[in-house]
Amino acid sequence: DVTVVIGPRCSGSCIAAAAVLAPRRILQISHSCTSPYLSNTANNTLFPFFFRTVPSDIGQSLSLAQIAAKYELHRIGVLATNDAYSATLADFFEANAHATGGNIVGSFRVGADTAVSPTELRGALRRLRRASATVVLLSMHPDNVKLAIREAIAINYVGTHMTFIGTDGTVTTPHDPELLQAMQGMVATGPSPGIGDVHKLFLAEWEERGPLDFPGHIHRPGACAAGPFQPQLYDAVLA
């Protein structure tokens with residue numbers, strides 16, 4: 001019988017999985033579901049068997065607001081997709097930005113869950129440009145970040161006159177030179193890359209096993225660390 005499930009990766013999926021697992025008293029441990037909703041004490045009856053090895057987005061949203069304040073990025077636009085992770089994180093960021101002296105000049109939630117069209121993104125970006133937002137928080141998953149930046153390029157809403165900041169969901173390495181150029185200067189939060197002796201042993205054993213049996217980021221040329229959320233996944237398995 002199954003007694004514990006590791007995952008899923010996304011907050012929306014975690015919430016859906018909990019509805020199935022909790023009535024069966026099956027433990028759920030996620031390494032990357034960061035929505036505060038999952039650990040809100042008001043909802044503890046909904047997720048009594050849910051645990052995670054990564055902090056909620058309450059801390060991340062504060063860090064992003066502090067980054068904006070530190071670099072005096074005061075005319076802030078917010079663009080998020082309508083999923084449990086992205087929209088909730090954007091809401092917490094806005095509250096923290098207001099508290100740290102930021103001015104939210106425009107805020108948009110687009111799409112249905114993580115599905116969003118280029119037209120929606122372009123329309124929201126146009127409105128943020130008209131509002132003179134000089135920094136735009138992109139709170140969405142990696143593929144949508146790439147799509148949003150392509151739309152920003154199309155309307156010339158990139159360059160030295162504005163900056164993007166991103167959440168841990170934006171962690172991505174685009175191979176398109178045009179995207180790389182547009183993302184120069186972008187600042188984003190990310191999960192801890194892992195520390196300590198146990199983590200070093202984990203990396204050494206993973207690298208030794210080889211890419212065929214144990215594929216992953218560690219086997220990429222020049223890589224010396226695990227990819228995003230992989231140390232947290234290891235911790236979830238250990239737990």
Side-chain angles (χ1 to χ4, degrees), residues 8-19 30 32-47 50 52 54-71 73-117 120-121 123-129 131-145 147-149 151-152 162-171 186-191 229:
R9 293 187 59 187
C10 302
S11 294
S13 299
C14 273
I15 292 169
S30 174
S32 58
C33 290
T34 54
S35 173
Y37 181 70
L38 284 158
S39 56
N40 187 327
T41 55
N43 299 309
N44 58 3
T45 56
L46 295 180
F47 312 108
F50 175 81
R52 52 183 160 198
V54 63
S56 85
D57 289 325
I58 292 175
Q60 181 182 183
S61 64
L62 177 59
S63 295
L64 287 164
Q66 290 172 335
I67 288 171
K70 178 179 180 179
Y71 292 102
L73 305 172
H74 297 310
R75 294 192 60 81
I76 304 170
V78 177
L79 181 55
T81 46
N82 276 309
D83 57 276
Y85 160 75
S86 306
T88 305
L89 177 47
D91 291 342
F92 274 92
F93 168 78
E94 289 181 20
N96 284 310
H98 282 302
T100 53
N103 178 20
I104 306 295
V105 298
S107 180
F108 299 97
R109 307 294 183 267
V110 294
D113 198 55
T114 59
V116 61
S117 71
E120 284 182 284
L121 289 170
L125 288 164
R126 285 187 188 278
R127 291 192 288 274
L128 290 174
R129 186 178 63 181
S132 300
T134 54
V135 56
V136 175
L137 172 77
L138 298 176
S139 183
M140 53 190 69
H141 291 274
D143 287 344
N144 287 331
V145 171
L147 188 59
I149 293 177
E151 293 306 311
M162 67 86 61
T163 305
F164 293 111
I165 54 177
T167 66
D168 58 10
T170 67
V171 175
M186 182 176 181
V187 179
T189 52
F229 294 109

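In this text the structure is predicted, and so the values were computed from the model without any measurement. Side chains included, hydrogens not; waters and symmetry mates left out as well; all remaining heavy atoms used.
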(message) Just so I know, are the side chains of I15 and Y37 near enough to count as touching, which here means a heavy-atom distance under 4.5 Å?
(response) yes
(message) Does any part of the side chain of V54, heavy atoms only, come nearer than 4.5 Å to the side chain of D168, both counted from C-beta?
(response) no
(message) Is any side-chain heavy atom of I76 closer than 4.5 Å to one of F93?
(response) yes
(message) For S61 versus N96, what's the shortest heavy-atom pair and its separation?
(response) OG-ND2, 3.0 Å
(message) Show the nearest heavy-atom pair for residues M140 and L79, with the distance to one decimal.
(response) CE-O, 3.5 Å
(request) Look up atom OG1 in T134 and atom CZ in R75, then write down how far apart they are to the nearest 0.5 Å. (result) 7.0 Å
(request) Please tell me if the side chains of T88 and D57 come closer than 4.5 Å, counting only heavy atoms from C-beta onward. (result) no
(request) Evaluate the side-chain proximity of H141 to D83: yes if any heavy-atom separation is below 4.5 Å, no if none is. (result) yes
(message) Return the SG to CG distance between C10 and D113, rounded to the nearest 0.5 Å.
(response) 9.0 Å
(request) Mind listing the closest non-hydrogen atom pair of S35 and A84 along with its distance? (result) OG-O, 3.7 Å
(message) If you compare all heavy atoms of A90 against all heavy atoms of V78, which two are closest, and at what distance to 0.1 Å?
(response) CB-CG1, 3.8 Å
(request) Determine if the SG-SG distance between C14 and C33 falls under 2.5 Å. (result) yes
(request) Walk me through it: do R129 and L125 pass the test side-chain contact (heavy atoms from CB on, under 4.5 Å)? (result) CA-CA 6 Å; R129 186 178 63 181; L125 288 164; over 6 Å; no
(message) So F50 and S30, do their side chains get closer than 4.5 Å, heavy atoms only?
(response) yes
(message) What's the separation between atom CD in E151 and atom OG in S117, rounded to the nearest 0.5 Å?
(response) 8.5 Å
(request) Kindly compute the distance separating CG (N103) from CG (L73), expressed to the nearest 0.5 Å. (result) 12.5 Å
(message) Are S132 and V105 packed together at the side-chain level, in the sense that at least one heavy-atom pair is separated by less than 4.5 angstrom?
(response) no
(request) Could you check if a side-chain atom of Y85 sits within less than 4.5 angstrom of a side-chain atom of T167, using non-hydrogen atoms only? (result) yes
(request) Find the distance between OG1 (T189) and CD (Q66) and round it off to the nearest 0.5 Å. (result) 12.0 Å
(request) Could you tell me which non-hydrogen atom of V136 sits nearest to which non-hydrogen atom of M162, and how far apart they are? (result) CG2-CE, 3.8 Å
(request) Tell me, please, whether F108 has R127 positioned over its six-membered ring: NZ or CZ under 6.0 Å from the ring centre and within 45 degrees of its axis? (result) yes
(request) Of all the heavy-atom pairs spanning A80 and S86, show the shortest one and how long it is. (result) CB-O, 3.9 Å
(request) State plainly whether the residues E94 and R109 are in salt-bridge range, i.e. N to O under 4.0 Å. (result) yes
